[in-house]
Amino acid sequence: MPGDELPYVDEHAVDVDAGAEDVWAAVVGVDRTFSGRFVEVCARAVGCADRRHAGARPLAQGSTMPGFHVAGAVPPSEMVLAGRHRFSTYRLTFRIDDLGPDRSRLRAETRAAFPGLGGAVYRALVIGTRGHVVGTRRVLAGVKRAAEARPA
């Protein structure tokens with residue numbers, strides 16, 4: 001998959017009481033998490049290549065949101081969000097594992113490069129403070145809630 005050359009940062013997972021198709025439907029709606037004026041201001045401040053919502057909704061190949069674009073999608077099992085800005089090039093891959101009837105595991109793997117002194121400082125601010133962990137877990141919890149709330 002493109003981006004495999006990026007260094008591994010971490011992976012987080014959550015078990016979901018919903019089938020893979022319902023989890024997929026929630027994942028392709030994850031752009032709601034990356035909305036609002038604050039997110040747009042932050043994306044502009046660090047010089048993100050993708051600064052606004054554009055393209056198909058629900059998310060599909062080529063869709064963008066502040067900080068990310070959909071670099072790949074294999075329904076209902078994998079969606080790859082990628083992005084770059086002055087301090088980092090990164091990829092967030094969502095993988096859905098079917099664990100049986102109405103049971104799935106959603107995993108989020110982050111890979112990123114932080115070149116130069118600016119990248120090192122940015123990494124310390126985002127990864128070193130555990131802000132990335134909090135943000136990733138928040139996204140996973142939101143997808144879990146959305147998937148489990150879908151009508152049976």
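Predicted model only: the values in this text are computed from it and were never measured.
Put simply, the side chain of Asp17 reaches to within 4.5 Å of the side chain of Arg103, judged on heavy atoms. Counting only heavy atoms from C-beta outward, the side chains of Phe114 and Ile127 approach each other to under 4.5 Å. A 4.5 Å side-chain heavy-atom check between Leu106 and Lys144 finds every atom pair outside the cut-off. Between Arg57 and Ser63 there is a side-chain heavy-atom pair separated by less than 4.5 Å. Put simply, the side chain of Leu81 reaches to within 4.5 Å of the side chain of Phe94, judged on heavy atoms.
Dense packing is recorded around OH of Tyr8, with more than 12 heavy atoms of other residues, nucleotides or ligands lying under 6.0 Å away. Heavy atoms of other residues, nucleotides or ligands lying less than 6.0 angstrom from CZ of Arg86 number more than 12. The environment of CZ in Arg105 is sparse: at most 12 heavy-atom neighbours from other residues, nucleotides or ligands sit within 6.0 Å.
Between Ala20 and Ser104 the shortest heavy-atom distance is N-OG, 3.1 Å. For the pair Glu40 and Pro66, the tightest heavy-atom approach, listed with the atom from each and the gap, is CG-CG, 3.9 Å. Between His12 and Thr136, the shortest heavy-atom contact is CD2-CG2, 3.8 Å. Taking both residues in full, the closest heavy atoms of Ala112 and Tyr90 are given as CB-CB, 3.8 Å, listed atom of the first, atom of the second, then distance. Taking each heavy atom of Glu21 and Pro76 in turn, the nearest pair found is OE2-CG, 3.5 Å. Taking all atoms of both residues into account, the shortest heavy-atom contact from Ala13 to Leu140 is N-CD1, 4.0 Å.
Side-chain heavy atoms closer than 4.5 Å link hydrophobic residues (I, L, V, M, F, W, Y) into clusters, and following such links, possibly through other members, connects Val46 to Val126. In the hydrophobic cluster analysis, where Ile, Leu, Val, Met, Phe, Trp and Tyr join through side-chain heavy atoms closer than 4.5 angstrom, Leu6 is grouped apart from Leu92. Hydrophobic cluster membership differs between Val80 and Phe68, with clusters built from Ile, Leu, Val, Met, Phe, Trp and Tyr side chains linked at under 4.5 angstrom.
Electrostatic pairing of Glu109 and Arg111 counts as a salt bridge here, judged by a charged N lying under 4.0 Å from a carboxylate O.
Every residue two or more places apart in sequence or in another chain that forms a ring-ring contact (aromatic ring centres under 6.0 Å, His included) with Tyr122 is listed here: His85, Phe87.
The CE atom of Met65 sits 9.0 Å away from atom OG1 of Thr33, with the distance rounded to the nearest 0.5 Å. Taken to the nearest 0.5 Å, the CZ atom of Arg84 stands 8.0 Å off from the CG atom of Asp50. The distance from the NE2 atom of His132 to the OG1 atom of Thr110 is 3.5 Å, given to the nearest 0.5 Å.
A donor-acceptor contact shorter than 3.5 Å links the side chain of Thr64 to the backbone of Ala54. Although no hydrogens or angles enter the test, the distance criterion places no donor-acceptor pair under 3.5 Å between the side chain of Ser77 and the main chain of Ile96. Side chain of His69 to main chain of Gly62: no donor-acceptor pair is present (N/O by atom type, distance under 3.5 Å, no hydrogens or angles).
If you check the side chains of Arg95 and Thr93, you find no donor sitting under 3.5 Å from an acceptor.
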